[in-house]
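Here the structure is laid out as structure tokens; the discussion comes afterwards.
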Protein chains: 2
Amino acid sequence: MSQEPVAATEVFKALADPIRWNIVQQVAQQEEFACSILEDTLPVSKPTISYHTKILTQAGLIEVHKRGRNYFYSLRRDVLREVINELWALAPGPRLVGESTADRGAKRPAQAPVAAAASGDTDVTLLTW
Amino acid sequence: MSQEPVAATEVFKALADPIRWNIVQQVAQQEEFACSILEDTLPVSKPTISYHTKILTQAGLIEVHKRGRNYFYSLRRDVLREVINELWALAPGPRLVGESTADRGAKRPAQAPVAAAASGDTDVTLLTW
DNA sequence: TCCAGTATTCGGCAACTATGAACTTAGCCG
DNA sequence: CGGCTAAGTTCATAGTTGCCGAATACTGGA
């Protein structure tokens, strides 16, 4: 499937560059972020932007939509949350819910337990993990 | 000062390499992880291990203790959590857009950014930290 | 059809990664 | 006590990858 979860390291690699990190932050602000805006808000050339956005796309972090001759990006929040999950597994927190390191050994099926909570889609999201 | 919070991108960079990611995962399993174990569990040479662990150290992700002629690493979970916070701010679950780029200007001191954003008003994101 | 605007591919330079060799420090045993 | 071995690091170098400027393709409008 194209939904194959990209390796965590690839996502980190994508986020590891200040320019890309900046792009991600901007894209995260809107549902659809115009590529052209990046030219104004970033201190780099157009090709470089294209290069970086491609890396972000390959990492699965952003999605590209073309409309007319403009490109729009949107953040793949699900991918981001998966990565957060993986990180969290390493730093389970002072006292989360109850089971501390109990589920550490369990393989994570990348099914994102949290995403389910968030998709509830009221105005409240309770994250207990 | 010396505790200067390393930039998020630097942490990502440290995590972006498969070898380093592997190291972090192993170190996370124990309170004190012996360096020598890495020589058996990683497919790289000794100098390379040294190189990677140094990067992880500089990124603030692991701490080094020397005892006798052995080195031990431990994971800096607090650093990891800071990064998780930053990531979370990008995929906050509810409250998608809100005020667009309004709060981009605000400096993020890595001091509970998410909690602050949430506790302010209306729809709530509750983080059990 | 021609033109302006938009974003991608191509080529070279710079930076990073991996490794063998040599060095430093710590414990061991004669 | 003095050399010997073990554990990691530092150094120098080769190979690889990342980054950006110049030139190129695609889109839509006059």
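All chains are named by letter (A, B, ...) in the order of the sequence lines, taking the proteins before the strands, and each is independently numbered beginning at 1. This structure is a prediction, so every number in the text was calculated from the model and none was measured.
- For B/L87 against A/L15, the heavy-atom pair with the smallest separation is CD2-CD1, 3.8 Å.
- For the residue pair A/T48/A/S45, the side-chain donor-acceptor check at 3.5 Å is satisfied.
- Remark: P of D/dA6 and CG of B/D40 are 15 Å apart, rounded to the nearest angstrom.
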Can you name the atoms? Protein N/O to nucleotides 17-21 of chain D N/O, anything below 3.5 Å, with the distance.
from: D/dG18; atom 1: OP1; to: A/K13; atom 2: NZ; distance (Å): 3.4
from: D/dC19; atom 1: OP1; to: A/D17; atom 2: OD2; distance (Å): 3.0
from: D/dC19; atom 1: OP2; to: A/R20; atom 2: NH1; distance (Å): 3.4
from: D/dC19; atom 1: OP2; to: A/Y51; atom 2: OH; distance (Å): 3.0
from: D/dC20; atom 1: OP2; to: A/H52; atom 2: NE2; distance (Å): 3.3
from: D/dG21; atom 1: OP2; to: A/S45; atom 2: OG; distance (Å): 2.9

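- A/L75 is not connected to A/I55 by any chain of hydrophobic side-chain contacts under 4.5 Å among Ile, Leu, Val, Met, Phe, Trp and Tyr, and they are in different clusters.
- Residues of residues 62-73 of chain B that place a heavy atom closer than 4.0 Å to DNA chain D, in numerical order, are B/R69, B/N70, B/Y71, B/Y73.
- Taking atom CD of residue A/Q58 and atom P of nucleotide C/dT8, one finds them 12 Å apart after rounding to whole Å.
- For the atom pair A/I62 CD1 and A/R77 CZ, the distance stands at 12.5 Å (nearest 0.5 Å).
- Nucleotide D/dA22 holds its C1' atom 16 Å from the CD1 atom of A/I49, rounded to whole Å.
- Looking at heavy atoms from C-beta onward, A/T53 lies in side-chain contact with A/I23 at the 4.5 angstrom threshold.
- For A/S74 and A/E31, the side-chain atoms include no donor-acceptor pair closer than 3.5 Å.
- In the hydrophobic clustering of ILVMFWY residues, with side-chain heavy atoms under 4.5 Å counting as a link, B/V24 and B/F72 come out apart.
- We find that CD1 of B/I37 is positioned 16 Å from C1' of D/dA6, with the value rounded to whole Å.
- With contacts defined as side-chain heavy-atom distances shorter than 4.5 Å, the pair A/Y73/A/E63 does not qualify.
- Of the side-chain N and O atoms in A/S50, none sit less than 4.0 angstrom from OP1 or OP2 of C/dA7.
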